[in-house]
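Let me begin by presenting the structure, written as structure tokens, before commenting on it.
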Amino acid sequence: KTLTVGIMTLDDTTEPLWDKVKELAKDKGVTIELKEFTDYNQPNEALKNGEIDVNAFQHIYFLNNWNKENGKDLVAIADTYISPIRLYSGLNGSENKYTKVEEIPDNGEIAVPNDATNESRALYLLQSAGLIKLDVSGTALATVANIKENPKNLKITELDASQTARSLSSVDAAVVNNTFVTEAKLDYKKALFKEQADENSKQWYNIIVAKKDWESSPKADAIKKVIAAYHTDEVKKVIEETSDGLDQPVW
């Protein structure tokens, strides 16, 4: 009843999370052994090769892309959490220009990341916020060409993801990846809008992944018990506290 779980290197957020999952799984008779990786390409290779039983490090989009590029059929077996991106107000000095989405003016300018995946997330975010409408949905990646309605005639400026936070002094609002929020000393609690957990953001849900035939493997019962241990209020609380609310459980 030992299950080897592949994860990326533990940090201040993930270590308490896995400590709690291990504790709850132990109560169900399952011992979790964590195998840490430093390269995002390694955990799926290790799962495919049988070095680990499941992994928990990626979102649905990453898995689908990896399967496609490698001709494999690893499967998502449980949702865990999403790290929602957010829309932040532009700045006047150190003060926010706006406190709500509705205040963004006609002909205003919004900066979004310019790489394909983050730009798509940002545009779906702007749609959820009621600022634009797109002609795609679900798992389709959106670009500015997919904007079919823009009632405020907003200018959408595409910048490198590392630059959107720096643009806040010269734009009306910007979508900033969580990676750069702390570095830019932004208060995510004052964001104008947060990515919603819905069909358009589901591809960014983090997941637990196994081989396609996992349910017929000798580890099936242990895997189900680990999922049950993860999907508890105790783990939800740890995720929310250790990430300071940046991560949102979605199971």
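We use all heavy atoms of the structure for the numbers below, so side chains are in, but hydrogens, waters and symmetry mates are not.
- Proximity of Leu17 to Ile239: side-chain heavy atoms (C-beta onward) are separated by under 4.5 Å at one or more points.
- Ionic pairing of Asp233 and Lys237 is not present here: no N-O contact between side-chain nitrogen and carboxylate oxygen is shorter than 4.0 angstrom.
- Every ring-ring contact (aromatic ring centres under 6.0 Å, His included) that Tyr61 has, sequence neighbours left out, goes to Trp204.
- Between Asp79 and Lys202 a salt bridge is recorded (basic side-chain N to carboxylate O distance below 4.0 Å).
- Ion pairing of Arg121 with Glu195 is present here, as a side-chain N (NZ or NE/NH1/NH2) and a carboxylate O approach within less than 4.0 Å.
- For Thr80, the side-chain contact (heavy atoms from CB on, under 4.5 Å) criterion is met by Asn206, Ile208, Tyr230, not counting sequence neighbours.
- In this view, Asp135 and Asn146 satisfy the side chain to side chain donor-acceptor pair (under 3.5 Å) rule, not counting sequence neighbours.
- Looking at residues two or more places apart in sequence or on another chain, you find no side-chain contact (heavy atoms from CB on, under 4.5 Å) involving Asp12.
- Proximity of Leu134 to Glu149: side-chain heavy atoms (C-beta onward) are nowhere separated by under 4.5 Å.
- Residue pairs meeting the ring-ring contact (aromatic ring centres under 6.0 Å, His included) criterion with at least one member in residues 67-99, sequence neighbours excluded, do not occur.
- For Ser169, there are no side-chain contact (heavy atoms from CB on, under 4.5 Å) partners at least two apart in sequence or on another chain.
- Between the side chains of Asn153 and Asn150, no donor N or O sits under 3.5 Å from an acceptor N or O.
- Note on residues 206-227: no pairs pass ring-ring contact (aromatic ring centres under 6.0 Å, His included), not counting sequence neighbours.
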Donor-acceptor list for residues 69-78 side chains, cut-off 3.5 Å, not counting sequence neighbours:
from	atom 1	to	atom 2	distance (Å)
Asn70	ND2	Trp66	O	2.8

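- Listed by first then second residue, pairs satisfying salt bridge (charged side-chain N to carboxylate O under 4.0 Å, His left out) with a partner in residues 206-215 number zero, not counting sequence neighbours.
- At a threshold of 4.0 Å, the pair Glu23-Lys20 counts as salt-bridged, since one of the basic side-chain nitrogens sits closer than that to a carboxylate oxygen.
- Put simply, the side chain of Gln58 reaches to within 4.5 Å of the side chain of Ile207, judged on heavy atoms.
- With sequence neighbours left out, Phe57 forms a ring-ring contact (aromatic ring centres under 6.0 Å, His included) with Phe62.
- Residues Asp247 and Ser83 have side chains that bring a donor and an acceptor to within less than 3.5 angstrom of each other.
- Annotation: side chain to side chain donor-acceptor pair (under 3.5 Å) contacts of Lys219 (sequence neighbours excluded): Asp53.
- Residue-environment remark: NZ (Lys236) stays at or below the threshold of 12 foreign heavy atoms within 6.0 Å.
- Around atom NZ of Lys152, more than 12 heavy atoms belonging to other residues, nucleotides or ligands sit under 6.0 Å away.
- A search for side-chain contact (heavy atoms from CB on, under 4.5 Å) contacts involving Asp19 returns Glu15, Lys22, not counting sequence neighbours.
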